[in-house]
**Student:** 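So that we are looking at the same thing, I have put the structure below in structure tokens.
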Amino acid sequence: MHFNLSIAAGLATLALSLTFANDEARPGADSIGDPYYPKLGAGGYDTERYDLALTVDMETGSIDAVATITARALHGLSSFNLDLYGLEVAGIEVNGKAAKFTRDGRELDVVPKKPIREGKEFDVRVAYSGVPTPAPDPSVGGTGVGWMRKDSGIFVSSECIGAASWFPCNDHPRDPALFRFTVTVAKPYVVAANGLLVDEQDHGDTRTFVWEPKAPMAPYLATLGIADFDVVVEEGPGGIPLRTYFAKTLDARERAGFALQTEIVEFLELCFGPYPFASVGAIVADEDLGGALETQTIPVYGRGTYDDGTIAHELAHMWFGDAISANNWKDMWLNEGFASYGSFLWVEYAHGEEAADRDMRQRYRMLRRAKVGPPPDPGVAQVFSARVYERGCWVLHMLRDRVGDEAFFEILQTWVEAKSGKTAQTDEFLAHCEDVSGEDLDDFFAGVLFADVIPEDARFE
Ligand code: ARG
Ligand code: ZN
């Protein structure tokens, strides 16, 4: 009989890992590991819920806030990291006990009194205050993103790294969580946020608005709109609540596109499958917000983004970007290419074939003329570039041409089914396309998706 080495080794490993499971708590990583943002997010835990209670002073712009974060430890944690940009932290408790913390730029390190054991759920209560300022983001040339205080009110548009400008968080789309917002503000200000308006309390001079999305969301998709809005409440697609918050100064022409929200969602449902959330709506600011953002269930629109094409783009993100999260910011084309294609589909449907042809022809010529590079992994400075939006959109149009309408929409709908509530990356989408269509698409993607410039196509010249 010979000595069985592998069993002996196995037992030794088992003994070691049992010891470590009990004793070895170590600091959670101070980064989630996104190559575009070396210190963004954190490791060692998964957030499950953010319960944010804020009192907002519209005169000074300051907030007084408590964030209660529920998370689960992925390994024993002697300390863990959150992102928070600016603001003053008064105190942190972990599971009801005062915790030590240190801050360095956006990094907030928390040392609980007792280490947290692997697999355990824990609560982090952060009391903080101050005047939030937008967080500089290299994806938009170093401009600030997140909490924006304007003359008419406060608007939040956080892509990519602005969530940390108003609450401590694991600021990355790979770690979505449930949220609740309890926001108190003086009259006549009204608060809009993601999800359902579940409560409204009148305290005389002030009011508290409680909002709760029913599905998990990435921190950058969390929003607040605080202004003296005109609120339009309707029954939306499939009977879900549709709430549109218009800045009072917007005229009828500027509001007109938003009357199409239900029709747009119902059209997109035909393309992508059932709308993924329990409410829908819009925060329409009469301010320059650097565009619009697909904040979950209630996109926020700045000046110049009130057209039905943009509304369709933001609503298409509810499937692509919101229900399905990007695994890393380099996979952004899975958000923006798809939302842009959703907008194209709406244009094709609502404005006709001719308008759609013109749109694609222009896109093709621009992509060829400007030699626009491949969508995947564009680099942080080009996350919002034509590589991602315009070429991403073109890739989908060519895929539709390659596999035919039936397989194409099957690909999109089954992608949503497979990936909702999960993260996605480029290689997974390509494999999915081959699975569903039953075709070998390597050569196709080598040209349209990966080549330095899109292949020539006489039909669009
Ligand atoms: N994802 C948004 C859209 O295309 C764009 C956000 C632009 N980002 C910014 N920080 N301004 O709908
Ligand atoms: Zn977009």
Side-chain angles (χ1 to χ4, degrees), residues 36-37 40 85 132-150 155-166 171-173 194 217-223 225 257-258 261 264 268 272 280 282-285 287-326 328-347 363 375 378-396 424:
Y36 286 6
Y37 296 98
L40 193 64
Y85 179 73
T133 47
D137 186 340
S139 72
V140 285
T143 315
V145 293
W147 185 278
M148 288 184 261
R149 187 179 175 214
K150 302 283 187 181
F155 302 94
V156 177
S157 177
S158 296
E159 194 172 33
C160 300
I161 62 168
S165 74
W166 65 291
D171 194 358
H172 196 276
N194 315 83
M217 65 181 186
Y220 83 94
L221 296 172
T223 196
F258 296 92
Q261 290 176 104
I264 292 172
L268 295 176
F272 306 148
V280 68
I283 297 171
V284 193
E287 300 284 357
D288 180 10
L289 302 180
L293 183 65
E294 63 270 23
T295 42
Q296 194 160 309
T297 72
I298 189 157
V300 53
Y301 300 86
R303 267 185 207 138
T305 69
Y306 312 143
D307 58 293
D308 65 327
T310 302
I311 297 168
H313 176 107
E314 303 313 330
L315 290 172
H317 270 304
M318 297 303 115
W319 288 262
F320 305 104
D322 291 14
I324 306 175
S325 281
N328 278 303
W329 286 113
K330 68 179 172 158
D331 296 311
M332 182 67 137
W333 81 279
L334 297 177
N335 295 8
E336 297 305 344
F338 287 56
S340 299
Y341 202 65
S343 176
F344 169 79
L345 290 168
W346 166 259
V347 168
R363 189 173 274 109
V380 69
Q382 290 198 56
V383 157
F384 294 105
S385 71
R387 280 176 71 163
V388 170
Y389 283 72
E390 304 304 334
R391 185 157 168 187
C393 179
W394 175 256
V395 169
L396 292 177

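Every number for a ligand or one of its atoms is a count from 1 in the order of the listing.
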**Student:** Should you measure from each heavy atom of Glu336, which atoms of ligand 1 turn up under 4.0 Å away?
**Tutor:** 1 (N), 2 (C), 3 (C), 4 (O)

**Student:** So, do Tyr341 and Phe344 have ring centers that fall under 6.0 Å from each other?
**Tutor:**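 Yes, the ring centres sit under 6.0 Å apart.
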
**Student:** Anything protein N/O/S under 2.8 Å from the Zn ion (ligand 2)? Just list residue and atom, please.
**Tutor:**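 Checking every protein N, O and S atom gives His313 NE2, His317 NE2, Glu336 OE1.
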
**Student:** Could you label the plane-to-plane angle of the His313 and Tyr389 rings as parallel, tilted or perpendicular, counting under 30° as parallel and over 60° as perpendicular?
**Tutor:**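 The arrangement is parallel - the two ring planes meet at less than 30°.
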
**Student:** Please confirm whether the backbone N or O of Gly257 pairs with a side-chain atom of Asp308, one donor and one acceptor, at under 3.5 Å?
**Tutor:** no

**Student:** If you have a sec, work out which protein heavy atom is nearest atom 1 (N) of ligand 1 and how many Å separate them, to one decimal?
**Tutor:**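 Answer, as residue, atom name and distance: Glu159 OE1, 2.5 Å.
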
**Student:** Would you call the rings of Trp147 and Trp166 parallel, tilted or perpendicular, taking 30° and 60° as the class edges?
**Tutor:** tilted

**Student:** Report yes if the side chains of Trp329 and His172 come closer than 4.5 Å at any heavy-atom pair, otherwise no.
**Tutor:**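 They are in contact (side-chain heavy atoms under 4.5 Å apart), so the answer is yes.
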
**Student:** For ligand 1, which atoms sit closer than 4.0 Å to a heavy atom of Glu294?
**Tutor:** 1 (N), 2 (C), 3 (C), 12 (O)

**Student:** Give the atoms of ligand 1, by number and element, whose distance to some non-hydrogen atom of Val145 is under 4.0 Å.
**Tutor:** 10 (N)

**Student:** Looking only at the aromatic ring of each residue, does the gap between the centers of Trp319 and Phe272 stay below 6.0 angstrom?
**Tutor:**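 Yes: the rings meet the under 6.0 Å criterion.
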
**Student:** For ligand 1, which atoms have a heavy atom of Gly290 less than 4.0 angstrom away?
**Tutor:** 11 (N)

**Student:** Please state which protein non-hydrogen atom is closest to atom 12 (O) of ligand 1 and give its distance, to 0.1 Å?
**Tutor:**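 Sorting protein heavy atoms by distance from atom 12 (O) of ligand 1 puts Glu314 OE2, 2.7 Å first.
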
**Student:** Would you indicate whether the side-chain heavy atoms of Lys150 and Leu289 approach each other to under 4.5 Å?
**Tutor:** yes

**Student:** May I ask you to decide if Val156's main-chain N or O and Thr223's side chain share a donor-acceptor pair within less than 3.5 Å?
**Tutor:**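 Flag set: sc Thr223 to bb Val156 pair under 3.5 Å.
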
**Student:** For the backbone of Lys330 and the side chain of Asn328, can you confirm whether one donor and one acceptor N or O come within less than 3.5 Å of each other?
**Tutor:** no

**Student:** Please tell me if the side chains of Tyr220 and Pro173 come closer than 4.5 Å, counting only heavy atoms from C-beta onward.
**Tutor:**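 Tyr220 vs Pro173: side chains touch.
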
**Student:** May I ask you to identify the nearest protein heavy atom to atom 5 (C) of ligand 1, giving residue, atom name and distance to one decimal place in Å?
**Tutor:**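 For atom 5 (C) of ligand 1, the nearest protein heavy atom is Tyr389 OH, 3.3 Å.
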
**Student:** Could you identify the single nearest non-hydrogen protein atom to atom 7 (C) of ligand 1 and state the distance to 0.1 Å?
**Tutor:** Phe384 CE2, 3.7 Å

**Student:** Answer yes or no: is there a donor N or O on one side and an acceptor on the other, between the side chain of Ser340 and the main chain of Glu336, under 3.5 Å?
**Tutor:**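 Between the backbone of Glu336 and the side chain of Ser340 there is a qualifying donor-acceptor contact (under 3.5 Å).
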
**Student:** Does ligand 1 have a heavy atom under 4.0 Å from the side chain of Ala292, from its backbone, from both, or from neither?
**Tutor:** backbone

**Student:** Should you measure from each heavy atom of Val140, which atoms of ligand 1 turn up under 4.0 Å away?
**Tutor:** 9 (C), 10 (N)

